[in-house]
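One-based numbering, in listed order, for ligands and for the atoms of each.
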Amino acid sequence: MLNKVVIGNQKMNLTASQTRRFINAFVPLVEHANCEIGICVPYTNLATCKRALKETKIMFGAQNVSEFERGAYTGEISSAMLADIGCKMSLVGHSERRKIFSEQNSQINNKIKQNLKYNITSILCIGESKRERTAGTTKNVICKQLDECLSGLYENELEKIIIAYEPVWAIGTGQTATAKQIEEAVKIIREEISRLYTEIAGKNIVVLYGGSVKADNVKMFAGIKSLNGFLVGGVSLEAQSFSDLIHNFIGKSK
Ligand code: PGA
């Protein structure tokens, strides 16, 4: 059986004090859950997470990282800075970064390489737009994103990569992909990793689904055997709802 993983992407919503309150409410609800749990927060909330999550198994991470090592890049945060405060993971290539901030696969590839240097796990977000799905190019889009974002990486480095399949049309829209669509996408991802590396690599890579996942619809996806878990946006902002989602996924009573 695959490791179960659920990661929250809290986006630009909570202040550091609000994150502390969220953690205080959230930890008791999930501390015995048989699942790896993480939250990705704004940079300014990372130190709060480090303190508040110290005695727990819950991981915390950033939502982005610079593609550069150091220097005159005003407003950027490097992998070294993240590592120095104990941050061990970061999202890269979220569709909002691609769409609103025009991030390209080549930049995302640099970010992953920076993270690797500092032992930070990259949660690589990929997925097609509505137009691409309608045009029947989903497979091409996913494979191109994987090929370009993982370019130059060695197989052993995939231990520090999590793939989040997030179809753009399902993010924050209330419209999830169907279990069949998710299963097909996960198959494409595992096959492409197998093609680029080895079959073992394709089997072992951690794959999540993200896009309007909620406590009530997560049960529909919990049966997808090839899927490790979920990347959760909106619902991860509220302790009880996020905990309900996790418990519904792992099928344990609260
Ligand atoms: P959502 O966001 O759960 O609010 O759709 C998911 C994400 O953006 O990672």
Side-chain angles (χ1 to χ4, degrees), residues 4-14 18-19 22 26 30 35-43 45-46 49 58-65 87 89-103 108 111-112 115 121-130 132-133 138 141-142 145-146 149 161-179 181-182 185-186 189 206-222 224 227-250:
K4 293 190 165 149
V5 181
V6 177
I7 294 173
N9 170 15
Q10 297 191 326
K11 309 194 181 183
M12 197 180 75
N13 287 295
L14 305 184
Q18 288 168 331
T19 289
F22 167 85
F26 182 59
V30 296
C35 179
E36 290 175 40
I37 300 169
I39 48 171
C40 291
V41 299
Y43 295 130
N45 302 5
L46 289 169
C49 286
I58 298 171
M59 305 170 286
F60 64 93
Q63 297 170 5
N64 186 27
V65 66
C87 176
M89 65 180 189
S90 99
L91 299 177
V92 294
H94 189 277
S95 68
E96 285 150 18
R97 305 257 4 132
R98 293 176 188 262
K99 209 158 83 189
I100 307 168
F101 302 98
S102 310
E103 251 178 42
I108 297 163
K111 289 171 188 230
I112 291 175
N115 275 346
T121 297
S122 298
I123 303 157
L124 168 61
C125 304
I126 58 170
E128 81 289 358
S129 66
K130 186 89 213 167
E132 289 161 340
R133 176 161 283 274
T138 298
V141 171
I142 294 177
Q145 288 173 333
L146 285 174
C149 294
I161 306 289
I162 292 176
I163 308 289
Y165 169 61
E166 297 208 307
V168 181
W169 47 273
I171 296 175
T173 58
Q175 190 198 347
T176 62
T178 63
Q181 287 169 328
I182 298 172
V186 176
I189 292 167
V206 175
V207 185
L208 311 179
Y209 165 75
S212 299
V213 182
K214 298 189 171 56
D216 53 358
N217 63 26
V218 77
K219 291 182 194 162
M220 275 183 341
F221 310 134
I224 305 174
L227 188 70
N228 291 82
F230 303 93
L231 180 58
V232 181
V235 172
S236 73
L237 291 168
E238 205 276 311
Q240 187 65 54
S241 319
F242 194 27
S243 150
D244 287 347
L245 183 157
I246 292 166
H247 286 286
N248 282 353
F249 170 42
I250 59 179

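Side chain to side chain, S122 and N115 meet the donor-acceptor criterion of an N or O pair below 3.5 Å.
Atoms OG1 and CG, on T19 and L237 in that order, are 9.0 Å from each other to the nearest 0.5 Å. How far CZ of F22 is from SG of C49: 9.0 Å, rounded to the nearest 0.5 Å. Atom CG in N45 sits 11.5 Å away from atom CZ in F60 (nearest 0.5 Å). Of the inter-residue distances, the one linking K214 atom NZ with D244 atom CG reads 13.5 Å to the nearest 0.5 angstrom.
Proximity to H94 (heavy-atom distance under 4.0 Å) selects the following atoms of ligand 1: 7 (C), 8 (O), 9 (O). Within the listing of ligand 1, atoms 7 (C), 8 (O), 9 (O) sit less than 4.0 angstrom from a heavy atom of N9. Heavy-atom proximity to L231, at under 4.0 Å, picks out these atoms of ligand 1: 9 (O).
For the ligand labelled ligand 1, residue G211 lies inside the 4.0 Å heavy-atom shell. At least one heavy atom of K11 sits less than 4.0 Å from an atom of ligand 1.
In terms of polar-atom proximity, T173 is not counted as a contact of ligand 1, lacking any N or O under 3.5 Å from an N or O of the ligand.
Under 4.0 Å from ligand 1, heavy atoms of I171 appear from its side chain as well as its backbone.
The nearest heavy-atom contact from the protein to atom 4 (O) of ligand 1 is G234 N, 2.9 Å. When only non-hydrogen protein atoms are considered, atom 3 (O) of ligand 1 lies nearest to G233 N, 2.8 Å.
Among all heavy-atom pairs drawn from V168 and S95, the shortest one is CG2-CB, 4.0 Å.
Not a single donor-acceptor pair under 3.5 Å links the side chain of R97 to the backbone N or O of I108.
Aromatic ring orientation, F230 versus Y209: perpendicular (interplanar angle above 60°, classes split at 30° and 60°).
Comparing E166, Q175, Q63 against atom 9 (O) of ligand 1, the shortest heavy-atom distance belongs to E166. When the heavy atoms of G172, G174, S236 are ranked by distance to atom 5 (O) of ligand 1, first place goes to G172.
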